[in-house]
Amino acid sequence: MKNVYEIAQAQLDRACSFLKLDESLQLILSQPKNELIVNFPVLMDNGEYQLFKGYRIQHNNIMGPYKGGIRYHHEVHLDEVKALAAWMTWKCSLMEIPFGGAKGGIKFNPREHSSQEIERITRRFTHALGGNIGPDHDIPAPDMGTNAQTMVWMMDTYMNNAGQGEKNAVRGIVTGKSVTSGGSLGRNKATGQGLVFAVKAWADEFSFDLSEASFSVQGFGNVGYHAAELLSREGSRLKCVMDHTGSIFSAQGIDPVELLKYCKETGGIKGYPKAEEIDRDTFFSTEVDIFIPAALEMQITAETAPMMNVKLVAEGANGPTDLDGEQLLLDRGVMFLPDILANAGGVTVSYFEWLQNRRAEAWDEERVDQRLQLRMTKAYKTMRSLAREHGLDNRTAALAYSVKRIQVVYEERGIFP
Ligand code: GLU
């Protein structure tokens with residue numbers, strides 16, 4: 001089985017061969033520009049020091065400053081962050097956002113640490129990154145295991161290192177901050193909201209009635225919850241949910257708001273009284289119209305894809321589908337809303353947040369949502385018309401459009417020196 005970075009490479013190969021891309025440009029795009037790894041000590045609550053490994057991978061910045069989230073997870077590794085950074089480059093280009101791509105992470109399990117320890121880890125990591133990030137250079141954001149509070153700690157640490165007269169000018173060093181500390185309304189739900197806008201564009205194209213639809217969600221974090229909540233508002237029925245504690249099913253439908261409340265009290269979905277507990281195979285094999293992976297990479301594989309009985313896969317996660325899993329489902333006529341489109345709502349509203357910080361503005365939520373919907377719908381249509389015109393699958397079409405935009409800029413600017 002290929003690892004996640006090899007999967008990202010294979011996807012790029014497909015898009016490049018369709019574009020007949022110059023080999024030297026493909027070579028450039030196949031590796032990140034910068035790979036930064038820092039090992040840094042942090043004081044734990046018990047008085048001992050622990051050493052942490054942090055990454056910041058800057059994939060490409062020809063379209064604008066590096067942009068992408070910071071992940072806290074015990075399985076974070078170099079190849080994963082490299083793949084995630086490349087996907088950010090494609091995502092921003094597809095959405096026509098003036099950013100490049102980056103990703104970072106720290107290899108540790110935040111569930112095993114107190115809030116005070118996580119704050120110290122975050123601040124020490126930000127300090128270790130130093131001048132390698134900046135509001136016009138590389139702008140982090142939340143990802144798995146991080147949230148608005150993490151971003152506020154990063155911002156505060158960075159601000160405290162800036163000169164007296166520059167503190168406010170560097171507020172845009174991170175996006176996904178709390179609204180009170182300079183974040184944008186609508187950013188917290190943005191990835192789930194963008195996904196639902198993309199699903200609506202698909203439903204419009206195929207005259208599919210979302211109020212009759214059923215769906216499953218893998219992962220019940222920020223992306224999974226908001227996608228489920230917003231899709232339920234369209235009248236769709238949430239049948240199955242999986243998280244790190246187990247899987248549940250209800251034929252009548254699960255209320256995401258109630259489930260979230262339960263999760264906040266108990267730490268996970270396991271034992272939720274208004275649904276049945278099911279095993280992993282039942283989770284994957286339950287028939288639903290829409291399947292939303294919103295957890296880790298490589299979940300839809302040669303093992304799980306044959307079990308699935310779905311019409312649409314809307315990728316809330318980055319890289320949830322491996323090459324075999326994708327081919328198996330494509331052969332059965334399943335359509336994909338690929339990650340670089342389906343979860344692009346997060347970075348799109350990050351861009352809006354960054355703009356608001358630059359202009360010292362505060363947009364209302366309607367304005368954010370409207371602009372997000374316009375961009376999601378436009379990107380969906382661009383992808384679909386390219387896919388139809390050339391008989392491509394959606395992922396290859398989306399990636400080809402994205403790489404093409406980057407190619408034009410490389411051709412205009414040339415390669416230094
Ligand atoms: N981590 C999110 C992603 O994978 C958001 C990145 C951002 O807002 O910069 O797209």
Side-chain angles (χ1 to χ4, degrees), residues 4 8 55-61 63-73 76 80-95 97-106 129 133-148 150-152 154-155 172-178 182-184 186-195 197-198 219 221-224 226-227 292-297 314-320 337-357 368 371-372 375-376 379 398 402:
V4 63
Y55 301 85
R56 186 68 181 170
I57 304 301
Q58 298 172 327
H59 176 262
N60 192 281
N61 65 347
M63 308 300 272
Y66 298 111
K67 185 80 190 86
I70 302 275
R71 176 172 292 198
Y72 290 174
H73 192 273
V76 163
E80 178 189 45
V81 194
K82 281 172 70 174
L84 291 164
W87 285 323
M88 286 308 303
T89 303
W90 318 142
K91 200 183 295 184
C92 292
S93 175
L94 172 67
M95 299 308 291
I97 292 170
F99 286 146
K103 201 81 170 200
I106 308 177
L129 292 176
I133 55 172
D136 288 305
H137 173 47
D138 183 355
I139 307 139
D143 195 74
M144 194 178 281
T146 55
N147 54 30
T150 327
M151 292 306 113
V152 173
M154 288 192 85
M155 178 196 78
I173 172 62
V174 285
T175 57
K177 303 178 287 288
S178 68
S184 176
R187 175 62 184 86
N188 193 38
K189 68 167 169 45
T191 310
Q193 178 71 80
L195 183 140
F197 286 148
N222 178 280
V223 181
H226 285 291
I292 304 174
L296 276 174
E297 300 90 43
E315 296 183 337
N318 289 305
L337 295 180
D339 45 10
I340 60 169
L341 171 78
N343 70 36
V347 73
T348 302
V349 179
S350 275
Y351 168 51
F352 299 159
E353 177 176 335
W354 182 79
L355 282 178
Q356 289 170 72
N357 289 164
V368 170
R371 288 180 178 217
L372 174 61
R375 283 192 187 251
M376 294 304 304
S402 162

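No hydrogens, no waters, no symmetry mates; every other heavy atom, side chains included, goes into these values. Not measured: the values here are computed from a predicted model. We count ligands from 1, going down the list as the structure has it; atoms in each ligand are counted the same way.
Side-chain atoms of N147 and N222 include no donor-acceptor pair closer than 3.5 Å. Judged purely by distance below 3.5 Å, without hydrogens or angles, the side chains of T175 and R187 never pair a donor atom with an acceptor atom.
For the ligand labelled ligand 1, residue G176 lies outside the 4.0 Å heavy-atom shell. Taking a 4.0 Å cut-off on heavy atoms, K91 registers as neighbouring ligand 1. Not a single heavy atom of E353 sits less than 4.0 Å from an atom of ligand 1.
Below 4.0 Å from some heavy atom of G346 lie the following atoms of ligand 1, by number and element: 8 (O). Near V347, meaning under 4.0 Å from any of its heavy atoms, are these atoms of ligand 1: 7 (C), 8 (O), 9 (O). Atoms of ligand 1 found under 4.0 Å from any heavy atom of G68, numbered from 1 in the order shown, are 9 (O). The contact set between ligand 1 and D143, taken as ligand atoms under 4.0 Å from a residue heavy atom, comprises 1 (N), 2 (C), 4 (O).
Considering only heavy atoms from C-beta on, H226 stays 4.5 Å or farther from T191 through its side chain. Side chains of P140 and R56 form a contact here, defined as non-hydrogen atoms less than 4.5 Å apart.
Scanning the protein heavy atoms around atom 8 (O) of ligand 1, the nearest turns out to be S350 OG, 2.6 Å. Looking only at protein heavy atoms, the nearest one to atom 5 (C) of ligand 1 is R187 NH2, 3.7 Å. In terms of protein heavy-atom proximity, atom 7 (C) of ligand 1 is closest to A141 CB, 3.3 Å.
At under 3.5 Å, a nitrogen or oxygen of P142, whether backbone or side chain, sits near a nitrogen or oxygen of ligand 1. Here's the thing with T175: none of its N/O atoms is less than 3.5 angstrom from an N/O atom of ligand 1.
When non-hydrogen atoms are compared, ligand 1 lies under 4.0 Å from the side chain of N318 (C-beta onward) but not from its backbone.
For the side chain to side chain contact (heavy atoms under 4.5 Å, CB included) criterion with K67, the lone passing option out of T89, V347, I97 is V347. Checked against S184 for a side-chain hydrogen bond (donor to acceptor under 3.5 Å, both in side chains), the options E353, K177, Q356 give a single hit: Q356.
Counting only distance, with no hydrogens or angles, the side chain of D339 and the backbone of N318 share no donor-acceptor pair below 3.5 Å. Using modelled atom types, no side-chain atom of W354 and backbone atom of I139 make a donor-acceptor pair closer than 3.5 Å.
Summarising the contacts of atom 6 (C) of ligand 1 with M88, K67, M151, K103, the nearest heavy atom is found in M88.
Using a 4.0 Å cut-off between a side-chain N of Lys or Arg and a carboxylate O of Asp or Glu, E80 and R71 qualify as a salt bridge.
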